[in-house]
Amino acid sequence: MKLDDLQKIAEHEVDFQRAYKHRINVCCSSGCVPFGALKVLKAFQEAVREFGVEKECKVARTGCVGTCSVGPAVIIDPGDYLYQSVTPEKVREIVRDHIVLGLPVKDMLYHGEAFFKKQRRLVLRNAGKIDPSRIEDYIAMGGYSAIGKCLATMTPQGVIYEVSRSGLRGRGGAGFPTGQKWSLVARTHTTPKYIVANLDEGDPGVFANRTLAEADPHAIIEGMLIAAYAVGAEKGYIYIRAEYPLAIQTLQKAIAQAKGMSLLGDNVLETGFKFDLELRFGAGAFVAGEETAILASVEGRRAMPRPRPPYPANSGLWGKPTLIQNVETLANIPVIIQNGGEWFSKVGTAKCSGTKCFSLTGQINNPGLIEVPMGITLREVVYDIGGGMQDNRPFKAVLVGGPSGGCLPEALLDLPIDYDSLTKVGAIMGSGGIVVIDDQSCMVDTAKFFTDFCVEESCGKCVPCRAGLVKIKETFENITQGTGKLDDIAALDKAGQYIKEASLCGLGQTAPNPVLTTLRYFRDEYVEHIVEKKCRAGKCFRNLKKEEDDAQ
Amino acid sequence: MTVGTVKLKIDNVEVAVPEGTTILEAAKSNGIDIPTLCNLEGLSGYGGCRLCMVEIHGSPKLFAACVTPVGMGMEVITQSDKLREYRKMAIQFILSERTHICAVCVANNACELQKLANDLGVDHVMFEREWTRLPVDSTHDFLVLDRNRCILCTRCLRVCDEIEGVHTLDLKMRGKDAQVIIDLDEDWANSSSCTSCRKCAKVCPVGAIYVESVALEETKDKGIAEFVLSRRNRK
Ligand SMILES: Cc1cc2nc3c(=O)[nH]c(=O)nc-3n(C[C@H](O)[C@H](O)[C@H](O)COP(=O)(O)O)c2cc1C
Ligand code: SF4
Ligand code: SF4
Ligand code: SF4
Ligand code: FES
């Protein structure tokens with residue numbers, strides 16, 4: 001297949017889709033399937049037949065639109081009508097009223113429009129719009145035209161130039177400039193070179209990468225193709241955790257389709273460019289997402305981080321130059337090539353361009369998956385998109401950056417979200433977890449909870465993380481059970497700072513963040529716990545209370 | 001390819017070392033001692049104990065000297081209040097992690113951890129101590145593995161793999177639960193790969209692997225590094 005053929009497929013597919021008056025997109029992503037999305041899909045297929053409108057209606061399975069908490073979600077086009085909590089029983093009514101009579105069923109429509117208003121969808125551009133199991137759907141949306149453009153009209157250096165100019169920074173957490181990473185790999189003379197797409201996603205409660213793979217697998221593949229062309233790699237791996245069966249299945253199918261159309265393989269689009277792609281499965285340890293640990297895992301060894309340098313760009317898989325990139329980073333690439341780096345650099349802020357996907361959870365009204373321009377404030381995310389606090393309870397804190405993120409207080413709600421602002425206040429971007437916490441949570445207990453997670457996930461290689469975090473955990477146990485001492489506060493501070501500065505990999509370097517930020521912004525609660533044996537939220541001293549009760 | 005010379009400053013002293021040298025080696029060859037536990041000359045770098053952390057002028061980060069190569073014009077600081085405090089903290093954490101009662105330990109007076117604690121002036125531990133009960137393997141004819149004193153430096157794993165070439169020793173589990181195992185978690189007596197060469201006992205910096213009824217001063221402390229290097233260089 002050649003580039004022209006790609007164009008023909010796109011045109012043909014667009015015509016084919018135009019032939020339908022309506023398109024009914026049923027989200028069949030991991031978020032909606034447990035709510036019965038597959039039954040809803042089947043119900044729609046039956047209902048359109050029953051009402052004799054199957055020739056006008058294309059019923060398709062799609063990926064997530066973000067409103068997972070009120071799934072299954074169904075979008076009916078034209079008009080972008082979003083139905084929430086659709087059950088098979090309601091399907092007949094929707095088809096009858098909306099499709100046959102032309103009257104959308106108002107009381108079943110999603111009413112949190114604000115949820116979408118401040119979002120900007122670049123990475124999730126196709127999520128909820130296309131059928132991820134059909135490559136034609138992706139091609140009709142302009143898919144694979146970016147790699148086509150690269151192969152036909154751009155040099156590898158030109159591609160790297162565009163990516164550099166876009167200002168894109170890695171979405172896996174650390175925010176390293178992507179263009180710079182590419183040129184490091186491109187500059188090495190050793191061959192072969194490899195690409196690894198990081199889809200490990202070990203942070204609990206974070207699901208943006210999984211959603212992306214389930215909704216738009218070809219965007220990841222196309223991003224990898226472009227990266228491979230730019231840096232000169234011939235082989236790539238997608239490292240994905242084995243607990244993501246639907247994402248794995250979706251990617252496997254997509255890879256097979258791309259191979260079938262010579263978009264992957266020995267002669268991509270008949271240009272002589274060669275790129276092959278395979279999946280590699282992780283057993284599901286948080287630390288396995290760290291880049292040097294992935295390398296070990298892909299090579300079949302214990303997933304333990306190693307010191308850098310040497311950086312993977314110089315010495316990665318089997319000692320060869322390797323580009324490791326998060327999948328969200330990669331899914332941005334086709335957009336950058338299509339619209340130009342300059343255009344992309346204008347989205348977001350000057351120092352931090354583009355958008356970021358977040359898994360928004362906690363005590364707010366509209367939890368879900370969101371994609372927002374960089375620079376949006378936490379307040380906008382919590383109140384405008386998140387719809388404010390559940391049951392109007394008082395806001396207490398927002399944890400940004402997953403289990404090793406920072407707990408930020410109300411006073412910091414107007415902070416713009418970008419790598420540097422977050423780092424300044426002790427949080428991190430991480431892989432995009434935002435948890436909103438109300439006054440029913442104890443901050444000491446919250447910090448303890450996340451420390452426990454990191455203790456379990458520490459690989460055990462280095463002393464600060466392995467031994468230090470255990471001691472922090474024990475100190476927390478003392479404080480929350482009534483045997484804390486005032487000295488503990490200073491000890492936590494000191495140990496936290498040491499672990500952060502002395503640990504070998506990012507896990508240990510960020511694990512103390514919840515401790516350090518709660519000490520910084522919620523120190524009163526620590527003092528209360530230690531001196532007054534009081535927990536405002538009533539979470540701690542359970543054992544103490546029980547003992548008292550037992551004694552009475 | 002010729003190996004160039006790198007000039008840098010360590011504690012304000014100008015030194016010149018071959019390219020590719022680690023900061024630790026560069027310091028050592030110029031008479032500057034940086035404390036280490038997991039490092040052993042001749043074995044691959046590990047970077048686990050974090051005792052060898054140094055500051056590099058102009059960077060807010062700390063670097064593990066044992067795995068950081070020198071760079072032209074670097075200004076390395078190996079001693080500062082912060083580094084001393086952090087090294088003490090590392091020792092405290094190691095001591096409080098498993099059961100260390102020197103008075104009843106075979107390694108008493110021949111232990112690198114104990115010596116470092118003395119040298120650095122660690123006279124108390126900031127956090128409560130753990131009294132672990134991990135299995136002791138004394139099934140081998142003369143080698144003993146006491147996991148309660150192991151500091152997980154992996155010197156034994158590396159010497160067994162890289163010098164003896166049999167990879168009898170490995171780790172199981174992760175984090176605080178990590179433990180040294182023999183073959184696929186066998187009793188040592190049943191190990192089909194162990195050659196009983198004693199290298200692990202020679203390199204273990206503490207009293208975790210030792211040769212039964214041989215004074216530790218005799219097993220260790222006889223220029224372990226030179227021994228490993230001589231084996232490494234032997235073709
Ligand atoms: C403990 C730990 C876990 C990580 N987990 C992930 C992950 O699940 N997915 C990911 O893309 N990056 C993860 N990272 C970051 C990667 O090491 C790496 O920086 C990233 O994949 C690089 O891609 P990027 O430049 O596109 O962000 C993790 C890092 C650490 C320290
Ligand atoms: S920081 Fe933690 S996870 Fe990372 S290498 Fe050290 S022990 Fe392992
Ligand atoms: S191993 Fe060293 S520090 Fe531990 S008890 Fe024995 S002598 Fe003391
Ligand atoms: S047994 Fe000794 S050499 Fe081996 S890891 Fe433990 S302390 Fe290190
Ligand atoms: S000697 Fe450098 S980390 Fe242990």
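Within every chain, numbering begins at 1; the chains are lettered A, B, ... in the order of the sequence lines, protein sequences first and strands thereafter. Keep in mind it's a predicted model, so treat the numbers as computed, not measured.
With values rounded to the nearest 0.5 angstrom, C153(B) atom SG is found 12.0 Å from K461(A) atom NZ. To the nearest 0.5 angstrom, R129(B) atom CZ is 12.5 Å from E474(A) atom CD. Considering CG of L469(A) and CZ of F93(B), their distance stands at 8.5 Å, rounded to 0.5 Å.
Within 6.0 Å of CD on E128(B) lie no more than 12 heavy atoms contributed by other residues, nucleotides or ligands. With a 6.0 Å radius and a threshold of 12 heavy atoms from other residues, nucleotides or ligands, K28(B) has its NZ atom at or below the threshold.
In this structure, P69(B) and P309(A) approach most closely via the heavy-atom pair CD-CG, 3.8 Å.
For L37(B), no part sits under 4.5 Å from any heavy atom of chain A, backbone or side chain. For R87(B), no part sits under 4.5 Å from any heavy atom of chain A, backbone or side chain. For chain A, the nearby parts of A90(B) are the backbone and the side chain; heavy atoms of each come within less than 4.5 Å. Looking at F63(B), there are no atoms closer than 4.5 Å to chain A (heavy atoms on both sides), in backbone or side chain. R308(A) does not touch chain B: none of its heavy atoms, backbone or side chain, sits under 4.5 Å away. Of the two parts of N478(A), only the side chain, counted from C-beta on, holds a non-hydrogen atom closer than 4.5 Å to a non-hydrogen atom of chain B.
Here S96(B) is the residue among A64(B), G47(B), G45(B), S96(B) with the most heavy-atom pairs under 4.5 Å with chain A. Ranked by heavy-atom pairs under 4.5 Å with chain A, the first of A178(B), C49(B), G175(B) is G175(B).
Looking at R174(B) and E457(A), a side-chain N of the basic residue comes within less than 4.0 Å of a carboxylate O on the acidic one, giving a salt bridge. Salt bridge status for E97(B) with R466(A): present, with a side-chain N to carboxylate O gap under 4.0 Å.
When the heavy atoms of residues 489-506 of chain A are compared with those of chain B, the residues falling under 4.5 Å are A491(A), K494(A), A495(A), Q497(A), Y498(A), E501(A), A502(A), S503(A), L504(A), listed by number.
Side chain of K176(B) to main chain of V455(A): no donor-acceptor pair is present (N/O by atom type, distance under 3.5 Å, no hydrogens or angles).
The only member of E130(B), M126(B), M89(B) that meets side chain to side chain contact (heavy atoms under 4.5 Å, CB included) when paired with K471(A) is E130(B).
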